[in-house]
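This report refers to the structure that appears directly beneath it.
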Amino acid sequence: MAPFSEIAPLFGEFKHTAFRLETRRGYASDRNGPKWERWKSGADIATEPDNAWRENVRAQTAEGKRFERVRLVDQPLTEGQRFLLASGHSNVSAGEDIRNLPRAEAERIGLPDHDFWLFDSRLVARFVFDEDDTTLGVILSEDPAEVALACQARDAAWHRATRTADFAKAVASTG
């Protein structure tokens, strides 16, 4: 297992696509950040100033690369999922394509129950979390069987998931 910081260069080095599957109901990194408190106090966090992540997304997508993400969501959304929906608009504006997929559908189609990044359909970075949703690190693999499973999960999730803007409208209309 490697610290997440060790894979940071991959977000600039990938050639075509960086795909993330998010399966958790919430993340300690969100709950422990300053944006969480602003959101909890009613601030609109949909348009936040650029940060290093969004600057990199802009740079990579300007080169024709794709950042894609599918978030599994519960019905009703958990507090952590509501936060991610509210804050995700800034990442989408930077060029990341974020979609949402109901957890029941993910389970029905057999998606994995763990988070991962898939780089260029060749390298998987599987997250390891503790019981409090804190990232402990990632396990890197180029094993063809594991990469193939991640590619299958990406393809199955991507085509069934709803774009963030459409998902947010649907959530807003249902209260």
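All residue numbers refer to positions in the sequence shown, counting from 1. Remember, predicted model here, so these are calculated numbers, not experimental data.
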Shortest non-hydrogen contact between [X] and [Y], atoms and distance:
X	Y	answer
Thr134	Ala28	OG1-CB, 3.3 Å
Val138	Phe4	CG1-CD1, 3.9 Å
Thr61	Gly95	CG2-O, 3.7 Å
Ala46	His89	O-CB, 3.5 Å
His16	Asp120	N-OD1, 2.6 Å
Arg122	Leu118	N-CD1, 4.1 Å

SB check Arg31 Glu79 (cutoff 4.0 Å): no
What I want to find out is whether Glu105 reaches Arg108 closely enough, with some N-O distance under 4.0 Å, to be called a salt bridge. yes
Below 30° counts as parallel, above 60° as perpendicular, anything between as tilted: where do the rings of [X] and [Y] land?
X	Y	answer
Trp117	Phe11	perpendicular
Phe83	Trp36	tilted
Phe19	Phe116	tilted
Phe14	Phe119	tilted

Hey, could you give me the [atom1]/[atom2] distance between [X] and [Y], rounded to the nearest 0.5 Å?
X	Y	atom1	atom2	result
Arg24	Arg71	CZ	CZ	14.5 Å
Arg99	Leu72	CZ	CG	14.5 Å
Arg103	Thr78	CZ	OG1	8.0 Å
Lys169	Thr174	NZ	OG1	14.5 Å
Glu131	Asp133	CD	CG	9.0 Å
Lys35	Ile45	NZ	CD1	5.5 Å

Run the salt bridge (charged side-chain N to carboxylate O under 4.0 Å, His left out) test on Arg25 and Asp74 for me, step by step, so that the C-alpha distance in whole Å, both residues' side-chain angles and the decisive distance to 0.1 Å come before the verdict. CA-CA 8 Å; Arg25 289 175 168 88; Asp74 295 284; 3.1 Å; yes
Worked verdict on Ser121 versus Arg154 for side-chain hydrogen bond (donor to acceptor under 3.5 Å, both in side chains): CA-CA 10 Å; Ser121 301; Arg154 175 201 57 209; 2.8 Å; yes
Let me see the working for Val57 and Asn91 under side chain to side chain contact (heavy atoms under 4.5 Å, CB included), right down to the final yes or no. CA-CA 8 Å; Val57 168; Asn91 286 14; over 6 Å; no
Please evaluate residues Phe129 and Tyr27 with respect to the criterion ring-ring contact (aromatic ring centres under 6.0 Å, His included), reporting the C-alpha separation (whole Å), side-chain torsions for both, the decisive distance (0.1 Å), and the verdict. CA-CA 9 Å; Phe129 294 96; Tyr27 295 88; 5.7 Å; yes
Does Arg20 make a cation-pi contact with Phe127, if we ask for NZ or CZ under 6.0 Å from the ring centre and within 45° of the axis? yes
Cluster overlap [X] with [Y], hydrophobic side-chain contacts below 4.5 Å:
X	Y	answer
Trp39	Leu85	no
Ile7	Trp53	yes
Leu101	Trp158	yes
Leu84	Phe67	yes
Leu111	Val147	yes

Less than 3.5 Å apart, any donor N or O on the side chain of Thr23 or Asp115 sitting next to an acceptor on the other? yes
Can you tell if the side chain of Leu21 reaches within under 4.5 Å of the side chain of Pro112, non-hydrogen atoms only? yes
Please tell me if the side chains of Phe167 and Ile98 come closer than 4.5 Å, counting only heavy atoms from C-beta onward. no
Salt bridge (charged side-chain N to carboxylate O under 4.0 Å, His left out) between Glu55 and Arg58, worked out: CA-CA 5 Å; Glu55 289 171 5; Arg58 285 184 201 288; over 6 Å; no
Just one of Arg66, Lys65, Arg69, Arg54 clears the salt bridge (Lys or Arg N to Asp or Glu O under 4.0 Å) bar with Glu96, so which one? Arg69
Taking it one step at a time, do Thr164 and Asn100 satisfy side chain to side chain contact (heavy atoms under 4.5 Å, CB included)? CA-CA 6 Å; Thr164 292; Asn100 297 270; 3.6 Å; yes
Please step through side-chain hydrogen bond (donor to acceptor under 3.5 Å, both in side chains) for the pair Ser90 and Glu48, ending with a clear verdict. CA-CA 6 Å; Ser90 294; Glu48 292 278 306; over 6 Å; no
